[in-house]
Structures are given as C-alpha cells and as structure tokens.
Amino acid sequence: LAVEQLSPEQHMLRDTARSLLETECPSELVRSCLDTGRMARGLWEKLGRAGLLGIGLPEAIGGSGGTVIEFVIAAGEFGRALAPVPWFGTALASRLALIAPGLDTDAVGAALQGRSVLSVAIPDLWWNPLLAPQAEVTPEQLTVPWGAEADHIVGLGGTAVQPIVSLDSKPYQGLEIREYPALGTDSYSWAQRTAQPAGAVPVDPDAVRTVLTEMRVARCAEMMAGARRVLEIAVDYAKERRQFGRPIGSFQAVKHRLADMATDVELADLLVWEAARAVATGDGSAWEEAAMAKALSGEAYRRVAAGACQVLGGYGFMLEYDPQLYFRRAKQAQLLEGSSEDLYVAIGSRAVGYASS
Amino acid sequence: VSGSSRTPDVGAFRERARSFFARAVTPEVRRELRDRRDEHVPSFFSRMANEGWISMPWPERYGGGGASAVENAIFQEEAAFAGAPTLAANLNSIIGNTLITVGSESLKRSFVGGLAAGEHLFCLGYTEPEAGSDLAALRTRAVLDGDEYLVNGAKIFTSLAHVATHVFLAARTEANGERHAGLSVLIVDMDSPGITIDPVWTLGGFRTNMTFYDNVRVPADRIVMGPGQGWKVLKVALDFERSGTLRVGEAARLLELIRSEVGKRESSPPGSVEARRYGALATRTRAARALCYKVARMQASGIVPHMEASMAKVVGTELVQSIADAGLDLLGQSALASAGSPWAPADGELEAEYRNTVRFSVTAGTNEIQRNIIAERGLGLPRD
C-alpha cells in the first residue's frame, strides 16, 4: 500500500480532516498555544464532534470505527497542522485501556468525543525494541503528553513479559506532575511515579506490542505529513524570493538542498506506508518495520525542517514564520517513542551480534 | 533480499531469476570476472542469451519474454545480489528495446534477433572527453558522402568496446543544427577500418575504453530514426536504463558481507556503535528498495517517473558508497587488504567495492544532474 493506493473514502477522510484543520487550526493557534503552554480546547471539542479523535477505535466505546489506515491518515493531518491537542496521548491511552480487562472505559468515550482529555504515563524504555523481557520498567521519571491538561492518565508498567495497565483520575495517587518549558510544540509534563496506582490489571504482552506498534506508525505519519508541509513552505519561498535579480530557487545550491529534502520525505514516507500496511494486515514484521520507519522518518523530518529554516534565511528563525514551529516539532517527535539513535542500534544489533546489557 | 513481492506471479518470477543466478554465477564465472577485469564474462553472457534473459523485457511479438517493468526490476536486483556480470546483457537488452521502439523495420530485422541471441554485443558511444553531463555538446561528426556517412571523432567511457561487435554511436550530422537538433545515432560495426580502441583503467580495477573514429564509413541506412533524431533516440534508450534496483541488490549483498565479516571480528566484539551504523544502513536500504519498486510500478502503468527515478538513482548510488565505507570502518585495518591477501576479509570484496562504487554517482547522469531534475521537474523550481 502506498499513498497513491488509498480508496476514494480514504481520500475523502483526508480532505475533510485537512479542510477542518486549515480553518480551525491556523499557525497562529499553534503559536499561541506554544506561548501559553495550554492545549487548544476549542479545537479539541471540534475534532471530537467531527469524529476525528476516535478513528480506528470501535463505535461501541465511543470511537468512530475504521482501520489503522484511517487512523494513520488522520494522524498525518494532525501533523501537517501541528495541531496543539492531545490526540496522541488520548489515542494511546484509549488503546491501552481497551486491552485491559475490567478497566472502566467510560472515560475513553468522553475523551474521544472531545469532552475530556486522556494522557499516558509510559516509561520510555517500553518503546525500545531491546527492552529485556524480565526488566522491571519502573523508572522514577516519566514524560506525560499534555499532562497538566489530562483528566485521566493511563499507566503502563510491569515487565515486557507481564505488563500491567492502570487508569488514574485526578487527583492522582503516587504520580506527581510538573511542567517545565521545553523545545517542542506539544506540551510534555515531567512526572514522577512514587507508587503504583491501585487497580492495575495485567495485560497480554502481545496486545501491548500491537498497540505500541500502531501508535508508533501513527507518529511516523504525523511526522511525514509535517515534513511535507514544511518542504512545501520552503519550495514556495524559493520560487518567490528574489536575490541577485532571480528567484533563489534557480540557484543550484538551493535547488540541490531542496531536492535532497524532497528525497528524504519520499524515502521515509514509503517506509511509513509499508509499516502501516504491515500493522493493518497483522504482519509479524510490523514491529521491526515500524521501528525502521520511525528511525528514518524522525531523521528525515529533522533534516527537512532544518533545511527549510535555512532556505527561508532570516525568516527561518523568526517566531512569526512557521518553519521554526516545524523545527521544534521535528526534534520533539524524533525523540519520542524511541529516538532514531536508539532504534538504529536496536535494528542493527541482531545483525552484528550486539546485545545490550 | 526478501519480501516486497506479494503477488504470487511476481514471486514466481523472482524465484526463477534467483535460481538462474544461483546456477549460472559459478566460482569459475567469479574468477573469470576478477581475472579479465572488464566486467565481462563471455560464457556467462552466452548463457544469459541462451536462456532468454537478454530479451526478457521485450514485447513477445519480437521474441521477448514480455516481462513487466516490475519483473525487470526484480531481475536486476537479483543479478546484483548474486554479483552477476550482466553489463553486456543489459546493454544488448536496452539497445534491442530501443530498436523495437523507434528503429526501422530493416534495422529490427538486422539486429533484434542477434542482440537477443548474443551474436551481437553492443557498446554505447555517447560520452566524449569534452561532452559529459552536457552531452548535446558532443563533437563527433558524421557527414553524408553518397550512401555512406563518414565518421570522425573520439569517445570516452566506451565500456566493452574491445569485445563489442557494434557501437550505438551518437554523432553530429547537421553542421548548423542547434545543439540537440543536429544529433543522430548510428549503428557502427566495430571492425570497420578507422576505429582504434585504447584501454582506460579505472579506480574500481575495471577496464573501459577511449575509441577513435578516423574516416570510418557507415552505410546511411544504419541511422536510427533518421538524421537529427538522435536526442529522441537517446532519451528512449535512457528510459530503459532507469532501473534503480541494481544498486539496491548490491547494497543488500554488501550488507550481508559486512554482517558475516563483523561476526568473525576477533579484536573486539561488536557494540552499539557497530549496531547503530549497520541499523541505519539496513533501514535506508529498505527505503531505497521501496522507492525503486515504486519507480518500476509507475513505469509498468505507463507513467514516466522523472522525479522518482532521479531520486532512486541518487539514493541507491550514494547508499552503496556509504555501505562500502561503513564496511571498511567496521572491519578496520584488515579491510584495507586487497583480494589475494591472506588478511583480506571477504577476500577483498569490500575493499574492491569501496573503490568501485565511486563511479556510480557519476555514471548514467551525475547525481548533480539528477538533483536538478528532482528540483526542476519534481518541485517545479526555475531552471538556471
């Protein structure tokens, strides 16, 4: 499956999401959320009402139905618009809650309709394919997406062979959340877990892996759509901007950089769609394909965003212009859910016979 | 090389190609390839012809196998993965397809059958010392004299000229024609009086040639498409030359060599540094492969993939260079040893490829020209 093989319905979903976000999420909104550190509440409610938050989740619990492919399409549109809303944390929390038998899913339905916010407390190690099966994954420090905005937090803990999932509501017990300024456009809180929440339930490790893989692919789709958008900004600028009496896009130094940026996007995007297909068909290689896609698309997004900042010259680092927003977001997304560096080590480790201790 | 071919027919084709190379690339073929140092093994070339691989991508009504662009991409990938010497067969295949597409009935009758059977062996006479990327600046002249052309000039990088029966020669026929408008393509017998061939040795250890044309007489009906049509002919031929999977197959082969040699490394066990470098290159190889098959799918559905083919060329060629470089870095000093040295890992193959891969970002359209194409045709940036 490649993007050119989407069905008419899938194209329609993309167009609908894009036009809603173009109207409701201009870059001024992203910029003001970055200033205040607060999510865009009004946008969140509109996305919920439009059914864009529950894509890929069953209607019975308040989702909008559809497969991972539709979910990936929606994620791309959030990424293109840099939507300053907790779509990722809510989607991940919902999926974890659904695989935890006996966990109350009422909170999920409300969040998917934009009436509340879910977040997750997941030690970063869970995203590393080299995670040792028996290691207890309970570090003290956690990053929680839009943590200060969340009404409920789903936690993932235990070990890789016996994971546990919990659902915590405000005021949280054993989880202390603090906010600090940081690089990215999405707000991430620092949290400290001092005790496991009551009512944590054991979950199937394979189901956890499937959820994490699906979310990783969604993150990839978000990144590649952001990369495409910031590439468009740079190409348009290079056609318009004149220096030395001609458009700067006619100079080979600029042209070749843009050609490399376009190639980065094309290459990584192909891996992302391959990984999405693997997830959709339940392919056994999905975990590895998603890891490769995440590593490469993180690298591509960063390079393309940095390239756009360079092509726009002085406008590339002015807060009033958009490339800086993508530059921030690219690095943030590259490091979340397994950095390119960690994933490359994991991908190569089996081939060269390296085992982390 | 695995995966990607998800439809059964394409999978069967891959099996056929793989089993052919497993049988045909014998230790003797490898030895001869190394000893001859000209990218050509005559017995292997004949075998490809006899088993129908040269005409495999041609239409069936010309005796071809009717293989699709995707199947051709698979074939090239498997050839490279096996390290097969397919240069001569590929040139014949491209010329045959070009003649089938734009050649006269008489040229088709004279050459198509012989190209498929390996009775002819064609080399390409395009590049000149003063006309590389700017091919339209070429100076070799072909002047009509009765019913013959009189050819004078010099060509460089005429690979296989010393074993070829014919050269597919680009020359200027219209003295006052504009750069592109004055070009024509002629089919010239290599044993014509007035042709001399000088070897040129390259960094990769392979021979190519300079060829000189001194009042060489060529029958006028050996012109392809007619006088002044040369640029069109070259574009048709170049479009058949655009399979990026050769480099991807080679990347996979080199990664496999590195993987097996790093495992034998005694001085220090591989760590996260090695894993990181290998993991990044394996990832990029997978992405490059996806891009090449996208190009092939576009070709198969009748779309000319200008931007994507140029991207595949840049990515594939720079990828094999990075992999060869990584191979030497990861294996350390011992990897400096060339073939024949008792210390050479993989019998010097990585060292040889480190030298050989340098040319790929230059040949078949430099990567700078490819980046111009991506920027201008793909992104719509203004020409300079």
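All chains are named by letter (A, B, ...) in the order of the sequence lines, taking the proteins before the strands, and each is independently numbered beginning at 1.
Atoms CG and CD, on A:Leu258 and B:Glu376 in that order, are 12.0 Å from each other to the nearest 0.5 Å. Atom OG1 of B:Thr283 sits about 12.5 Å away from atom NZ of A:Lys294, to the nearest 0.5 Å. Between the NE2 atom in A:His256 and the CG atom in B:Leu381 there is a gap of 10.5 Å [rounded to 0.5 Å]. The structure places CZ of B:Arg284 at 13.0 Å from CE of A:Met292, a figure rounded to the nearest 0.5 Å. Here the CD-CG distance, from A:Glu266 to B:Leu291, works out to 6.0 Å after rounding to the nearest 0.5 Å. The distance from atom CG of A:Leu270 to atom CE of B:Met311, rounded to the nearest 0.5 Å, is 9.5 Å.
Between the A:Lys255 side chain and the B:Ile373 main chain, no donor and acceptor come within less than 3.5 Å of each other.
Applying the 6.0 Å contact sphere to CZ of B:Arg377 captures no more than 12 heavy atoms from other residues, nucleotides or ligands. Around CZ of A:Phe251, the count of heavy atoms belonging to other residues, nucleotides or ligands within 6.0 Å exceeds 12. Around the CZ atom of A:Phe327, the shell of radius 6.0 Å holds no more than 12 heavy atoms that belong to other residues, nucleotides or ligands. B:Tyr354 OH: 12 or fewer foreign heavy atoms inside a 6.0 Å radius.
A heavy-atom distance below 4.5 Å is found between the side chains of B:Arg286 and A:Glu274.
Heavy-atom distances place both the backbone and the side chain of A:Glu341 under 4.5 Å from chain B. For A:Arg350, no part lies near chain B; criterion is any non-hydrogen pair under 4.5 Å. Neither the backbone nor the side chain of A:Asp342 comes within less than 4.5 Å of any heavy atom in chain B. The parts of B:Glu368 that come within reach of chain A are both its backbone and its side chain, each placing non-hydrogen atoms under 4.5 angstrom from that chain.
Comparing B:Ser272, B:Ala290, B:Pro269 by how many heavy-atom pairs each has under 4.5 Å with chain A, the most go to B:Ser272. Of all the listed residues (B:Ala375, B:Ala282, B:Ala312, B:Gly263), the one sharing the greatest number of non-hydrogen pairs under 4.5 Å with chain A is B:Ala375. When B:Ala275, B:Gly279, B:Gly378, B:Gly380 are compared by the number of non-hydrogen pairs under 4.5 Å with chain A, B:Ala275 comes out ahead. Ranked by heavy-atom pairs under 4.5 Å with chain B, the first of A:Leu231, A:Leu271, A:Leu296, A:Val235 is A:Leu271.
Between B:Tyr278 and A:Ala351 the shortest heavy-atom distance is CE2-CB, 3.2 Å.
Partner A:Val345 forms a side-chain contact (heavy atoms from CB on, under 4.5 Å) with one of B:Arg276, B:Arg277, B:Glu274 and no other, that one being B:Arg276.
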